[in-house]
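Scroll down for the structure; my scribbles are underneath it.
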Amino acid sequence: MADLKRVESFQYPAAHFGHLNDPQQKALDEFKQICQDEGYYQPAAADGKASHDDETLLRFLRARRFIPPEAFKQFKDTEDWRKEHDVVGLYNTIDVDEYEQTRRLYPQWTGRRDKRGIPVYLFEVAPLNSKNISAYEKNLANATLTSSKVSTKTLRLFALYENLTRFIMPLCSAIERHHPETPISQSNNIVDISNVGLKQFWNLKGHMQDASTLATAYYPETLDRIFIIGAPAFFPTVWGWIKRWFDPVTVSKIFILSSQNVFPTLSQYIDPEHIPKKYGGNLDFEWGNMPVLEPEIESKIKWENPAVQNGKKTLPIGPIRWERGPNGSMKAVAVGNENGKPRNALVFTLENPVDAKTMYDPAIINTPIAESELALTSAGTYTQPSDTEGSNGDIGSTPSDSPTPSATPKPSEPHSTTSEIPIREGTSDTRYEQQHSIHTTDQFSDGTPHIIVSGHDHGDKTMAIETATVSQASKDVSIEAPELPVPGYVDHAKQLAASATSTLSSTVASAAGAVGDLARTQRTGEAEDIVEEKRTKSGGSEDRQ
């Protein structure tokens with residue numbers, strides 16, 4: 001029997017456009033037909049462009065384990081949601097300054113790509129303190145673009161995701177890279193949590209949950225990896241409840257790096273010239289900057305109306321969209337409203353995008369991906385605190401910014417591409433070469449079999465799922481499925497967030513009360529006297545009986 005090796009089934013470019021196996025291609029064809037029959041997809045017209053490119057459709061298939069009916073349900077929900085909220089119109093008309101205010105609170109594109117051509121984002125959490133968040137939320141009251149269907153804060157999040165999928169990903173796809181036939185549809189994120197206290201983490205939970213819930217439901221499979229840098233001493237203690245804010249597949253893509261492993265790990269995936277200097281690289285980029293475009297991009301574009309940052313040309317603030325030019329060229333056009341007036345300014349032209357002929361070419365033949373290209377995959381097994389640390393995610397004191405010495409994290413193990421990992425009995429979420437087509441679902445969905453709800457102390461509840469898989473029958477775990485239907489994508493995410501919040505609030509209140517009682521007893525110096533008095537009285541009562 002061959003040695004078992006842990007692999008990531010859907011790592012780019014495997015299971016992406018141009019690199020599908022036969023069952024995946026068959027699933028894509030079936031998915032297209034379902035979407036077309038239901039009126040949600042139009043095949044390529046005379047101009048050779050379909051209503052949705054294959055890579056966009058494949059994002060939904062990967063998210064739903066290449067099961068076409070399930071993928072269609074999420075795709076339909078997304079298309080209906082986009083139409084209901086006029087997401088395209090929002091992006092084209094949002095106020096430029098309001099867009100910029102929001103950009104500064106979320107991951108920001110550095111203007112660089114990793115070794116595969118995937119954009120690299122930076123997210124520094126420390127500046128998101130209560131003062132800055134409060135000021136931002138007050139400014140929302142004066143927003144020019146509002147909706148009766150959704151909060152202004154969420155509307156602005158729509159615009160940021162649209163910028164990722166409609167401008168930055170196509171730009172990165174249009175520049176030379178190893179697989180020019182495969183469009184870029186994901187992003188990498190460096191998340192710096194240096195100098196972030198426990199209380200700040202807790203205060204930011206809603207801020208982070210909003211973005212995660214939106215991405216999971218309506219922008220699936222747009223995240224490649226997350227590198228967490230600067231984890232404080234207490235991080236293993238809080239990791240258990242922080243990871244509940246995100247879906248399991250998102251958690252599996254997270255690398256938590258010790259200080260000595262930051263540059264060695266990042267440089268495996270990103271060339272040093274594209275890594276910010278503060279993390280050991282050579283890039284002059286600071287949090288809040290507009291993108292510092294890499295030389296490969298600069299050499300391919302012709303500037304028309306750039307902004308200037310530190311003496312160099314860069315993108316203007318606000319949303320930017322693509323328009324098709326003559327002879328396959330691409331034109332980057334700044335849109336949105338500026339000073340109350342619509343903006344429509346040509347920023348630059350990209351004359352010869354490398355994917356102009358391949359992106360919509362039906363003649364592209366699927367080619368297999370060498371395993372060596374997938375060698376740097378990790379499911380976070382070697383870079384995340386174990387579930388046994390931090391009492392399974394329950395924190396035993398009121399959130400504060402004073403970590404305990406005992407919470408100091410252990411150094412991360414060196415990154416490895418292989419491991420002898422025992423097969424978990426009774427589940428199907430461990431991926432091996434012998435189970436190459438199996439992929440764990442990233443959301444609870446209607447029809448998912450065998451959902452087991454377990455209760456724990458302090459009102460904590462967890463769900464164990466026997467996921468539906470490809471090429472493997474569901475296992476009989478002899479536990480009845482619940483009668484209630486499984487919630488949809490957004491509802492389930494909200495329920496998980498509410499459950500985690502309720503659990504943590506209860507635990508914190510209980511622990512805080514206990515700590516307060518002990519502190520008062522210690523300050524009066526009467527602890528021993530009280531214990532002795534109670535013992536004596538108890539003995540006296542027994543004697544009288």
Side-chain angles (χ1 to χ4, degrees), residues 100-110 119-137 153 156-157 160-161 164 187-215 223-247 250-251 253-259 261-263 265-266 270 275-281 283 285-291 380 383-385 390 393 395 399-403 407-409 412 497 500-501 504:
E100 176 63 11
Q101 292 170 10
T102 306
R103 185 191 73 88
R104 288 178 172 271
L105 297 181
Y106 292 95
Q108 301 165 6
W109 184 39
T110 60
V120 176
Y121 278 70
L122 176 63
F123 186 26
E124 289 191 15
V125 178
L128 274 64
N129 52 46
S130 58
K131 179 180 178 181
N132 291 336
I133 293 293
S134 177
Y136 174 70
E137 291 179 345
K153 182 179 180 181
R156 294 186 183 183
L157 263 177
L160 292 186
Y161 277 113
L164 169 65
S187 66
N188 285 313
N189 287 262
I190 299 173
V191 181
D192 189 342
I193 57 176
S194 302
N195 304 314
V196 179
L198 179 56
K199 184 177 180 181
Q200 186 176 358
F201 269 120
W202 177 246
N203 290 339
L204 287 172
K205 72 181 188 304
H207 183 80
M208 295 179 178
Q209 283 175 322
D210 289 343
S212 179
T213 299
L214 183 63
L223 178 66
D224 185 55
R225 299 186 180 101
I226 299 176
F227 301 97
I228 294 184
I229 293 172
F234 59 79
F235 195 78
T237 303
V238 302
W239 172 242
W241 50 269
I242 288 178
K243 70 180 182 181
R244 297 179 192 178
W245 301 347
F246 309 98
D247 71 270
T250 297
V251 172
K253 298 177 180 181
I254 295 176
F255 294 70
I256 300 173
L257 307 181
S258 62
S259 57
N261 288 331
V262 171
F263 181 74
T265 301
L266 290 180
I270 309 168
I275 300 174
K277 285 185 175 180
K278 67 185 300 182
Y279 308 122
L283 175 62
F285 182 88
E286 296 182 0
W287 171 253
N289 282 358
M290 292 300 292
T383 59
Q384 296 179 4
I395 60 175
S400 69
D401 294 335
S402 301
T408 302
S412 300
T501 302
L504 189 56

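As a basis for the values below, the full set of heavy atoms in this structure was taken, side chains included, without hydrogen atoms, waters or symmetry mates.
- Nearest heavy atoms, Y106 versus A211: CE2-CB, 4.2 Å.
- At least one side-chain heavy atom of Y279 sits under 4.5 Å from a side-chain heavy atom of L122.
- Taking all atoms of both residues into account, the shortest heavy-atom contact from V196 to P232 is O-CG, 3.8 Å.
- For the atom pair S258 OG and I228 CD1, the distance stands at 13.0 Å (nearest 0.5 Å).
- Among residues two or more places apart in sequence or in another chain, the ring pair (Phe, Tyr, Trp, His ring centres under 6.0 Å) test is passed with F285 by none.
- Legend: residues meeting ring pair (Phe, Tyr, Trp, His ring centres under 6.0 Å) with Y161, ordered by chain and number and at least two apart, are Y219.
- By the side-chain contact (heavy atoms from CB on, under 4.5 Å) test, E100 pairs with R103, R104, M290, I317, sequence neighbours left out.
- By the ring pair (Phe, Tyr, Trp, His ring centres under 6.0 Å) test, F123 is found to be paired with W287, residues two or more places apart in sequence or in another chain being considered.
- The shortest non-hydrogen separation linking T265 to F227 is CG2-CE2, 4.3 Å.
- The CG atom of L128 sits 7.0 Å away from atom CD of Q200, with the distance rounded to the nearest 0.5 Å.
- Pairing each heavy atom of T102 with each of L160, the nearest pair is CG2-CD1, 3.6 Å.
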inquiry  = Apply side chain to side chain contact (heavy atoms under 4.5 Å, CB included) to residues I229 and L266 and explain how you reach the verdict.
reply    = CA-CA 10 Å; I229 293 172; L266 290 180; 4.0 Å; yes

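- In this structure, the side-chain hydrogen bond (donor to acceptor under 3.5 Å, both in side chains) partners of K277, at least two apart in sequence or on a different chain, are D284.
- Remark: D224 pairs with R116, I118, Q186, N188 by the side-chain contact (heavy atoms from CB on, under 4.5 Å) rule, at least two apart or across chains.
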task = Evaluate the criterion side chain to side chain contact (heavy atoms under 4.5 Å, CB included) for residue pair I254 and W239; output intermediate values, then yes/no.
result = CA-CA 12 Å; I254 295 176; W239 172 242; 3.8 Å; yes

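- We find the CG-CD distance between L214 and Q209 to be 13.5 Å, quoted to the nearest 0.5 Å.
- Looking only at distances, a side-chain donor or acceptor of H207 sits under 3.5 Å from a matching main-chain atom of L105.
- When all heavy atoms are compared, the tightest approach of I275 to I270 is CD1-O, 3.5 Å.
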inquiry  = side chain to side chain contact (heavy atoms under 4.5 Å, CB included), that's the test. Do F255 and N261 meet it? Break it down for me.
reply    = CA-CA 11 Å; F255 294 70; N261 288 331; over 6 Å; no

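- Side chain of N189 to main chain of V191: no donor-acceptor pair is present (N/O by atom type, distance under 3.5 Å, no hydrogens or angles).
- The 12-atom threshold is not exceeded at CG of N195, counting heavy atoms of other residues, nucleotides or ligands nearer than 6.0 Å.
- With hydrogens and angles disregarded, no donor-acceptor distance shorter than 3.5 Å links the side chain of E124 to the backbone of G288.
- Taking NZ from K253 and CG from L223, the interatomic distance works out to 5.5 Å, rounded to the nearest 0.5 Å.
- Annotation for A126 and S194: closest pair CB-O, 3.6 Å, computed over non-hydrogen atoms.
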request  = Could you give me the CA-CA distance, side-chain angles and deciding distance for N203 and I133, then say whether side chain to side chain contact (heavy atoms under 4.5 Å, CB included) is met?
outcome  = CA-CA 10 Å; N203 290 339; I133 293 293; over 6 Å; no

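- A donor-acceptor pair is defined here as one N or O able to donate and one able to accept, closer than 3.5 Å; no such pair exists between the side chain of S212 and the backbone of M208.
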